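Since the structure comes first, as structure tokens, the remarks are kept for the end.
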Amino acid sequence: MRQIKLFRICFIIAFFSGFILTPYSCARKEPLSKDEKMAWWREAKFGLFIHWGVYSIPAGIWKGKEYEIVGEWIMASADIPREEYEKLPPQFNPIKYDPAEWVRIAKDAGMKYIVITSKHHDGFSMFDTKANNYNIVNATPYGKDVLKALSQECKKAGIKFCVYYSILDWHHPSQESDRTKKRNVDKYSYNLMKEGRKEEYVKYMKLQLRELIAGYEPAVMWFDGDWSDWWTMEDGKEILNFLWRLKPDLIINDRAAHDEEKGTFLGDYGSPEQHVPKGGLDYDWETCMTMNDTWGFKKNDHNWKTTQVLVHNLVDIASKGGNFLLNVGPTSEGLIPEPSVDRLHAIGKWLRVNGEAIYGTRNWRTYKEGPNDLITDYYDKDKDREVNFTAQDIRFTTRDNILYASCLAWPDKEVIIKSLGTKSMPEAKIADVTMLGSDEKLEWTLTEEGLKIIPPKTKPCEHAFVFKIIFY
Ligand code: H79
């Protein structure tokens with residue numbers, strides 16, 4: 001009897017000390033290192049950007065006039081007063097929206113994460129928010145939280161769900177466009193904060209960001225629109241720390257706090273827009289890019305990049321150690337335009353053969369050899385032009401003891417990989433050389449000049465062809 005009592009007492013003590021000790025031990029848990037936090041993102045390499053909002057209704061045309069600039073900027077380009085723009089949400093009824101299908105499209109393309117606009121510069125929230133009524137649930141006939149549905153489908157499919165959030169806000173009463181500027185886009189781009197209203201806006205932002213973190217558990221917070229004068233580095237720092245207190249493993253891009261002139265930023269990675277940095281960058285980075293010339297849907301933009309250009313971009317970006325965030329702009333009905341779906345499918349087909357040369361790889365000692373470079377500079381009017389790549393144009397990626405050498409054109413005769421010549425790399429001991437997707441045994445020799453490979457007779461895919469070189 002006494003023994004049982006003693007046992008009971010011990011049990012009770014053990015039980016309650018568990019309660020007392022648990023929070024203590026949790027608090028002592030080491031915070032995630034940057035490498036641990038970034039691990040999935042670095043592995044992922046390829047993601048889908050979705051720009052979806054009420055701007056998909058005008059789709060680039062306002063009162064019969066067609067605007068040249070990106071669709072999601074129509075409020076600025078057509079200089080639409082708030083009261084007039086507010087007439088769009090009551091027309092937004094995307095009855096064809098099928099979030100499971102969107103996730104299927106991303107997955108089929110080989111993408112590992114999705115970043116969707118929760119609020120763009122127009123200030124309209126595509127999620128259920130208590131911060132105001134200017135949102136998808138309260139202001140549209142559709143009345144359902146489109147972000148919630150997508151986040152749930154992502155979770156089911158094992159795709160990371162991430163959100164875009166604009167700091168610049170053309171609808172919030174604290175801000176106004178700068179009427180001293182000449183061009184409409186500049187009026188809105190350099191918008192002003194009304195005297196004494198900033199605190200109110202920061203509170204509004206924090207409420208929305210808290211809602212996003214709690215309700216949607218995003219893996220990445222993709223900020224945009226921090227370039228207004230009234231938004232400072234200090235403001236950004238406070239927001240970042242606010243978010244990391246809520247979700248320590250949250251990955252945040254560079255656009256809540258960056259100094260354009262000094263080239264510095266707070267956050268986890270850089271986000272070059274519409275271009276691929278020349279030799280890569282010495283920090284984590286992700287190029288975001290459109291498939292045509294707009295982010296938000298534009299009815300008459302048919303200037304689609306070819307699948308080949310997109311695959312070459314992906315290969316080139318991976319060789320420089322970056323990620324590729326490729327955009328789609330769904331229609332107001334809720335459909336991803338067919339030309340985008342086709343291209344995504346074709347990239348997926350390429351990745352099913354060659355994915356191991358992309359996912360989880362790093363840049364090698366040199367990213368390329370061969371005469372040609374991509375043209376993807378945003379300001380270059382030739383930016384989407386297909387480059388006449390040759391089989392000598394090779395991009396490298398690496399993982400463990402493997403080197404992947406991707407030829408950007410089909411090698412119909414012997415390929416010589418000069419970077420592996422015994423002169424430039426005497427320590428290289430090669431065990432095996434194959435081509436991804438091909439069963440053919442390849443003939444190869446290592447010489448002073450380079451690694452000479454006779455390519456297989458049959459093409460295993462299109463667009464880029466990957467030699468897998470295994471070192472001892
Ligand atoms: O969301 C997409 C763009 O709307 C947004 N970032 C991507 C991801 C973006 N907004 N502004 N900017 C990028 C930079 C500003 C560009 C400008 Fe222009 C150049 C503003 C006015 C001239 C091009 C033309 C963009 C807007 C109008």
Side-chain angles (χ1 to χ4, degrees), residues 47-56 58-62 65-80 85 113-126 147 162-171 175 177-192 220-229 231 252-256 258-261 265 267 269-276 285-298 301 303 313 317 322-330 340 376-381 383-384:
L48 181 67
F49 214 170
I50 304 179
H51 274 70
W52 200 29
V54 294
Y55 39 76
S56 59
I61 304 163
W62 191 257
K65 185 170 169 349
E66 184 130 20
Y67 289 87
E68 207 185 302
I69 75 160
V70 285
E72 72 282 5
W73 273 66
I74 191 112
M75 188 172 173
S77 50
D79 199 8
I80 306 169
Y85 197 86
Y113 58 110
I114 293 180
V115 185
I116 185 165
T117 45
S118 65
K119 184 196 82 168
H120 206 270
H121 309 334
D122 67 356
F124 184 75
S125 301
M126 295 293 282
L147 249 63
C162 315
V163 293
Y164 166 109
Y165 188 90
S166 172
I167 295 169
L168 174 71
D169 192 318
W170 299 329
H171 185 267
Q175 295 167 56
S177 55
D178 184 350
R179 295 280 139 191
T180 65
K181 298 283 186 241
K182 265 208 188 108
R183 297 187 322 158
N184 288 340
V185 286
D186 292 337
K187 287 190 179 82
Y188 286 80
S189 189
Y190 301 99
N191 85 337
L192 305 169
V220 175
M221 185 64 72
W222 209 106
F223 280 110
D224 201 4
D226 68 333
W227 54 77
S228 294
D229 283 348
W231 186 259
I252 309 178
N253 74 343
D254 58 341
R255 298 199 190 183
H258 84 284
D259 188 321
E260 192 96 40
E261 274 161 33
F265 68 84
Y269 67 93
S271 56
E273 180 167 326
Q274 299 285 40
H275 74 277
V276 182
W285 61 278
E286 167 195 75
T287 281
C288 57
M289 191 178 280
T290 54
M291 275 195 227
N292 50 359
D293 292 325
T294 183
W295 303 91
F297 178 67
K298 271 177 99 175
D301 185 339
N303 189 27
N313 283 345
I317 288 169
N323 278 16
F324 191 24
L325 185 63
L326 185 57
N327 183 74
V328 296
S340 301
T376 62
D377 197 304
Y378 191 42
Y379 300 103
D380 190 326
K381 63 177 175 14
K383 67 183 189 305
D384 303 331

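When reading the values below, keep in mind they use all heavy atoms of this one structure, side chains included, and skip hydrogens, waters and symmetry mates. Keep in mind that this is a model prediction, so the values were computed, not measured. Ligands are counted one by one from 1 in listed order, and the atoms in each one are counted from 1 as well.
The shortest N or O to N or O distance between His51 and ligand 1 is below 3.5 Å. Polar contact with ligand 1: present for Glu273 (N/O pair, distance under 3.5 Å). Of the N or O atoms in His121, one or more lie within a sub-3.5 Å distance of an N or O in ligand 1. Residue Trp73 has at least one nitrogen or oxygen atom sitting less than 3.5 Å from a nitrogen or oxygen atom of ligand 1, judged on distance alone. Close N/O approach between His120 and ligand 1 is found [any backbone or side-chain N/O within under 3.5 Å]. The shortest N or O to N or O distance between Asp186 and ligand 1 is not under 3.5 Å.
A cation-pi arrangement is not found for Lys119 relative to Phe124, the charged atom failing to lie both closer than 6.0 Å to the ring centre and inside a 45° cone about the ring normal.
A donor-acceptor contact under 3.5 angstrom links the side chains of Tyr164 and Asp224, judged on distance only. Side chain to side chain, Glu72 and Trp52 fail the donor-acceptor criterion of an N or O pair below 3.5 Å. Between the side chains of His171 and Asp122, not a single donor N or O lies within less than 3.5 Å of an accepting N or O. Judged by distance alone, the side chains of Asn191 and Gln175 do bring a donor and an acceptor atom under 3.5 Å apart. Side-chain contact check for Ser166 and His121: at least one donor-acceptor pair (N or O, by modelled atom type) lies under 3.5 Å.
If you run side-chain hydrogen bond (donor to acceptor under 3.5 Å, both in side chains) between Ser271 and each of Asn323, Asp254, Thr287, only Asp254 comes through.
The atoms of ligand 1 that sit less than 4.0 Å from any heavy atom of Tyr164 are 1 (O). Counting atoms of ligand 1 from 1 in the listed order, those under 4.0 Å from a heavy atom of Glu72 are 2 (C), 3 (C), 4 (O).
Closest heavy-atom approach to atom 14 (C) of ligand 1 among the candidates Trp295, Trp222, Trp227: Trp227.
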